[in-house]
Amino acid sequence: MGALVLDATTSLLRPVTVKDADDSADAPLVAHSRAGDRDAFGELVRRHERRVFRLAGRFFRRREDVEEAAQETFLRAWRKLGSYRADAPFEHWLTRVCLNCCYEILRQRPPESLELPADLAAPESNASAALEAERLLARLPAEDRFLLLMLHGEGWSVAEIAHNLGWTQVNVKVRAHRARLRLRRELSREAERGEHDAHEPLA
Amino acid sequence: MPTNLLPDDPSERARSVHAALRAHHAGIEPDAAFAARVLARLPEAESPLAWAAMRLLPAGLVLAVLLAGAAFEIGRTPAEFPAAGAGSDLLAYAALSGAMP
């Protein structure tokens, strides 16, 4: 029988996985970083930078914005290392820090321009519809976009979002409901606009 | 040219948007120098002297104020003391108030 480890989520014993090795490799780096070891923290950054970029890339389109959110995430993690409790993997804690950073940056920004970056990578299938959907999203308030991207983009549950943002589940549900209503409203407006344009006489 | 590029059917339209949400990703990877840029922005470690000064100075100021207040109370002049009654206490009162050489 292989080695077993206590799952932090279910509190049940389960077989050791590669991920457990990663989590345990973080522990000494976190301990050294807490003591002010910048080299150890640099190693933590290199171990988790791709994940943070991937998460920040959900909410921002331009490279400089993703970079800013990612840098801010790690800077905040450095400042708040004292609050990290080793009962959960460091990656989970860092995810929370990243989400809160992205959320704060989004809220502080003025509404995004409808001009999408020239190098926007649209999905190959139905590229036009995807771009149009992107423009719809850009019209929504930052909070709505943030929630919809976590619910439908990351596929997280209400409980996961509440846990990661430090909100109550009721709060998440209410905000998600409002976000979906606004999205539906924008979709309806788009449909009306399209019908109106279709009936416009050609010049 | 029609501006609405989404499907006409509302449920298809919603599915299209949800698909766009799932695909909504900048696809940006960190470059090799990202960690170095983060480390360069970390605040400098406080020197022990600065650490002590920031913490002891306010405490020192409070202590100084308290001591000054206590000194003020202790150093009140005899004239501020309640006046002694006539008779045997009068001599003591006069001595304290400096009336006698």
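Every chain is numbered from 1 and lettered A, B, ... according to where its sequence line falls, protein lines coming before strand lines. As the structure is a computational prediction, the values presented were derived from the model and not from experiment.
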Sub-4.5 Å side-chain heavy-atom contact between A:F41 and B:V38: yes
Chain B contact via A:E43 - side chain, backbone, both or neither, heavy atoms under 4.5 Å: neither
Residues of residues 152-173 of chain A within contact distance of chain B, non-hydrogen under 4.5 Å: A:H152, A:G153
Segment of A:L183 engaging chain B (4.5 angstrom heavy-atom cut-off): side chain
Most contacts with chain A, counted as non-hydrogen pairs under 4.5 angstrom, among B:P30, B:A36, B:A35, B:A32: B:P30
Flag side-chain contact, heavy atom, 4.5 Å: A:Q71 against B:F34: yes
Within 6.0 angstrom of A:R50 CZ, more than 12 heavy atoms from elsewhere: no
Interface moiety of A:R180 toward chain B, non-hydrogen atoms closer than 4.5 Å: neither
pair A:F53-B:E29: side-chain heavy atoms closer than 4.5 Å: no
Pick from A:A70, A:S188, A:A56 with the largest number of heavy-atom pairs that fall under 4.5 Å of chain B: A:A70
Any B:D31 side-chain heavy atom under 4.5 Å of A:R63 side chain: yes
